[in-house]
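Below is one structure, written out as structure tokens, with a few remarks after it.
From a predicted model like this one, the values you see are computed outputs, not experimental measurements. Throughout, a chain's letter reflects where its sequence line sits, starting with A, and its residues are numbered from 1.
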There are 2 protein chains.
Amino acid sequence: MNKLFDRLKEGGLKLTPQRLAIADYLKGNTSHPTAAKIYEDLKPQYPSMSMATIYNTLSTMAEMELIQELRLHKEQIHYDPDMSHHLHFFCRHCHSVIDVPHKEGIPDFKEFEKKTTNRIDHVSVALIGVCKKCLQKKQ
Amino acid sequence: MNKLFDRLKEGGLKLTPQRLAIADYLKGNTSHPTAAKIYEDLKPQYPSMSMATIYNTLSTMAEMELIQELRLHKEQIHYDPDMSHHLHFFCRHCHSVIDVPHKEGIPDFKEFEKKTTNRIDHVSVALIGVCKKCLQKKQ
DNA sequence: TTTATAGATTATAATTGTTCTAAATTAGTA
DNA sequence: TACTAATTTAGAACAATTATAATCTATAAA
Ligand SMILES: [Mn+2]
Ligand SMILES: [Mn+2]
Ligand SMILES: [Zn+2]
Ligand SMILES: [Zn+2]
């Protein structure tokens, strides 16, 4: 029932309770959690789970392109199981990450690539600002 | 003769040899150096200069909006005295940063702001890829 | 010339998210 | 059940940046 988990299986990886817990946690999750948040939330059910396991599993999933790593600031990596093309808004007060529906718009840089012969693999766009909640609190 | 330094002066800061050295180093510099690179390059002339001074000075300059801090990856901050609107290409092999002339093109997100009432302060665009030199080396 | 003071610099310690390591445990298989 | 390679775990290591506290500097009283 969990696509993430099924893909891990297909990849020949062992099906451990930890991996299932992390896959279940991420499934349909739009909150862009950090490793620390996942650890904290899984702790009650899996008190022995290590941060290393969280990072290992997330790294594996990212390598298999099942989730994406969002490096929106230097403090922490956020993880996103939504692999569809969309952008992110990052609140620099509370560090929350909000999905931004993406409708084309990002210009192409083919000209830059041709002129310079640098190869662009990925255009990273992030909207930085202050979220609704934090704006309200400040008043 | 150095605009950066003059602005520091205007800001009421003391004009120290360290600050002048850093301002001179950055003037017209398009290499997007890190704090460590600046430290290394100034060491011969200023062997007693501390990393703390480099960071303090760069932070002050960034706060005064005389330079920008580029957080293109989690490892290091790159500094750029060019405050004009332009984008950056980042090579994930050698970590070099290359200016990309910007001709409008970045879509506006007014609609997102109105709908969600989150406030966008800044749209960060980074082109991630492999630079010319690194592409050649791999062949 | 001394003393005072505020700000700047320095060396070093602390911080912190992530990665590494090595030992213990487990899943999958026979 | 027993084997083995993969996985998990606790804790150490790492590295860029930030914080701290002592020292230094320039300038201004006294
Ligand atoms: Mn998302
Ligand atoms: Mn630049
Ligand atoms: Zn917020
Ligand atoms: Zn390169």
Separation of atom CZ in B:Arg19 from atom C1' in C:dA8, rounded to whole Å: 6 Å
Base, sugar-phosphate or nothing for B:Thr16? Non-hydrogen atoms, less than 4.0 Å. sugar-phosphate
Tell me what A:Pro17 touches on the nucleic acid: a base, only sugar-phosphate, or nothing, going by heavy atoms under 4.0 Å. sugar-phosphate
Counting only side-chain N and O atoms of B:Gln18, is one of them less than 4.0 Å from OP1 or OP2 of C:dT10? yes
Check whether any side-chain N or O of A:Tyr55 sits under 4.0 Å from OP1 or OP2 of C:dT19, and answer yes or no. no
Can you tell me the distance, in whole Å, between the NZ atom of B:Lys14 and the C1' atom of C:dT9? 11 Å
Rounded to whole Å, how long is the line connecting atom CD of A:Gln76 with atom P of C:dT16? 11 Å
Which part of the nucleic acid, if any, lies within reach of A:Thr34 when heavy atoms closer than 4.0 Å are counted: base, sugar-phosphate only, or nothing? nothing
So B:Leu127 and B:Phe90, do their side chains get closer than 4.5 Å, heavy atoms only? no
Rounded to the nearest Å, what distance is computed from the CG atom of residue A:Leu58 to the C1' atom of nucleotide C:dT18? 12 Å
Side chains of A:Leu26 and A:Pro33 in contact at under 4.5 Å (non-hydrogen atoms): yes
B:Lys9 NZ to C:dG7 C1', in whole Å, measures 18 Å
Closest-nucleotide 5' rank along DNA chain C - winner of A:Arg71 and B:Ala52: B:Ala52
Boundaries of the DNA chain D segment in contact with chain A, non-hydrogen, under 4.0 Å: D:dA5 to D:dT17
Output yes when A:Lys115 and A:Glu113 qualify as a salt bridge under the 4.0 Å nitrogen-oxygen rule, no when they do not. no
Suppose we screen for salt bridge (charged side-chain N to carboxylate O under 4.0 Å, His left out). Which residues come up paired with B:Arg7, at least two apart in sequence or across chains? none
What integer distance in Å separates A:Ile77:CD1 from C:dT18:P? 4 Å
Is it true that B:Arg119 and B:Asp121 make a salt bridge, defined as a side-chain N closer than 4.0 Å to a carboxylate O? yes
What about B:Leu58 and B:Tyr46, same hydrophobic cluster or not, with Ile/Leu/Val/Met/Phe/Trp/Tyr joined at side-chain heavy-atom distances under 4.5 Å? yes
Can you confirm whether A:Thr34 sits close enough to A:Tyr79 that some side-chain heavy atom of one is under 4.5 Å from a side-chain heavy atom of the other? no
With a non-hydrogen cut-off below 4.0 angstrom, is B:Met51 in contact with a base, only sugar-phosphate, or nothing? nothing
Starting at atom NZ of B:Lys74, determine the distance to atom P of C:dG17, rounded to an integer number of angstrom. 11 Å
Quick check on C:dT10: is either OP1 or OP2 less than 4.0 Å from any side-chain nitrogen or oxygen of B:Thr53? yes
Atom CG of A:Leu20 to atom C1' of C:dG28: distance rounded to whole Å? 17 Å
